[in-house]
Amino acid sequence: QVQLVESGGGLVQPGGSLRLSCAVSGVTADYYVIGWFRQAPGKEREGVSCIASTDRSRWYVDSVKGRFTISTDNVNNTVYLQMDSLRPEDTGMYYCAVSPGIQLCVIPVLPLLYSYWGQGTQVTVSL
């Protein structure tokens with residue numbers, strides 16, 4: 001079955017960096033997209049970034065453009081989210097999710113479009 005496992009979260013000071021990993025297994029579709037989402041306490045889950053398995057097109061929410069970078073390691077079936085210049089407002093639980101059978105990132109990146117989810121990894125940006 002499809003499984004996604006996130007790792008790499010933690011506590012970091014403002015201006016610091018973290019790299020999140022999402023190990024993906026069990027996807028049999030010829031193409032798919034992987035999305036990163038985050039959810040802060042009391043707020044809705046929001047799409048942060050996505051990458052398509054076809055042409056490697058990428059999308060970022062405006063608030064992270066220029067600071068976050070999504071990438072893939074096809075050998076290890078892992079998707080990364082490099083997060084630099086972190087801000088307190090980046091705090092939240094970060095999830096990766098997969099949407100099988102989709103060739104391009106669908107904008108807006110909505111949670112309901114993704115079928116399988118990881119368990120999440122906590123990111124806290126604070127002094």
Side-chain angles (χ1 to χ4, degrees):
Q1 71 274 22
V2 177
Q3 286 189 320
L4 300 97
V5 180
E6 303 97 333
S7 61
L11 173 64
V12 64
Q13 292 185 354
S17 298
L18 286 173
R19 189 177 78 159
L20 305 184
S21 300
C22 173
V24 184
S25 62
V27 178
T28 59
D30 291 337
Y31 38 79
Y32 54 88
V33 295
I34 299 287
W36 280 101
F37 297 81
R38 65 186 178 190
Q39 188 166 20
K43 294 189 176 181
E44 293 186 354
R45 191 169 298 188
E46 69 166 343
V48 174
S49 181
C50 74
I51 186 167
S53 65
T54 52
D55 62 359
R56 297 292 184 250
S57 61
R58 294 167 174 82
W59 171 89
Y60 301 94
V61 69
D62 285 347
S63 60
V64 308
K65 284 181 180 177
R67 301 188 298 120
F68 290 12
T69 304
I70 192 170
S71 63
T72 60
D73 178 348
N74 291 332
V75 174
N76 295 309
N77 293 323
T78 301
V79 178
Y80 301 101
L81 186 68
Q82 177 67 40
M83 306 188 297
D84 299 317
S85 302
L86 283 162
R87 305 167 180 169
E89 55 263 38
D90 294 318
T91 294
M93 186 69 78
Y94 282 69
Y95 301 89
C96 63
V98 64
S99 182
I102 305 299
Q103 297 190 48
L104 297 172
C105 291
V106 176
I107 310 304
V109 177
L110 299 175
L112 61 88
L113 298 177
Y114 290 75
S115 307
Y116 302 94
W117 292 78
Q119 81 288 351
T121 186
Q122 177 67 36
V123 171
T124 303
V125 184
S126 179
L127 292 172

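These numbers come from the heavy atoms of this one structure, side chains and all, not from hydrogens, waters or symmetry mates. Position 1 is the first residue of the sequence, and the numbers go up from there.
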With a sphere of 6.0 Å drawn around CG of Asp30, does it hold more than 12 non-hydrogen atoms of other residues, nucleotides or ligands?
no
With a 6.0 Å cut-off (strictly less than), is the heavy-atom count around CD of Glu44, excluding the residue itself, greater than 12?
no
Quick one: pull up [atom1] in [X] and [atom2] in [Y] and give me the separation to the nearest 0.5 Å.
X: Gln1; Y: Tyr116; atom1: CD; atom2: OH; result: 9.5 Å
X: Ile102; Y: Ser53; atom1: CD1; atom2: OG; result: 10.5 Å
X: Glu46; Y: Gln39; atom1: CD; atom2: CD; result: 10.0 Å
X: Ile51; Y: Leu104; atom1: CD1; atom2: CG; result: 12.0 Å
X: Arg67; Y: Asp84; atom1: CZ; atom2: CG; result: 9.0 Å
X: Leu20; Y: Tyr80; atom1: CG; atom2: OH; result: 11.5 Å

To check you understand the geometry: which heavy-atom pair defines the closest contact between [X] and [Y], and what is its length?
X: Gln103; Y: Ala52; answer: O-CB, 3.2 Å
X: Ser17; Y: Ser85; answer: OG-N, 4.3 Å
X: Leu18; Y: Leu86; answer: N-CD1, 3.8 Å
X: Leu81; Y: Ser49; answer: CD1-CB, 4.1 Å
X: Thr78; Y: Ala23; answer: OG1-CA, 4.2 Å
X: Thr91; Y: Val125; answer: OG1-N, 2.9 Å

Using ring pair (Phe, Tyr, Trp, His ring centres under 6.0 Å) as the criterion, list what pairs up with Tyr94, not counting sequence neighbours.
none
Contacts of Trp59 that satisfy ring pair (Phe, Tyr, Trp, His ring centres under 6.0 Å) - sequence neighbours left out:
none
Quick one, Val79 and Trp36 - any side-chain contact, counting heavy atoms below 4.5 Å?
yes
List the steps, then state whether side-chain contact (heavy atoms from CB on, under 4.5 Å) holds for Met83 with Val64.
CA-CA 8 Å; Met83 306 188 297; Val64 308; over 6 Å; no
Okay, side chain of Tyr60, backbone of Ile70: is any donor-acceptor separation there less than 3.5 Å?
yes
Within the distance-only criterion (no hydrogens, no angle test), does the side chain of Gln119 pair as donor or acceptor with the backbone N or O of Val5 below 3.5 angstrom?
no
Quick check: is Val75 connected to Leu4 through a chain of hydrophobic side chains (ILVMFWY, heavy atoms under 4.5 Å apart)?
no
Single-linkage hydrophobic cluster, 4.5 Å side-chain cutoff, Val24 and Tyr31 together:
no
Got a salt bridge between Lys65 and Asp62, using NZ or NE/NH1/NH2 to carboxylate O under 4.0 Å?
yes
Parallel, tilted or perpendicular, as decided by the 30° and 60° cut-offs, for the rings of Phe37 and Trp117:
tilted
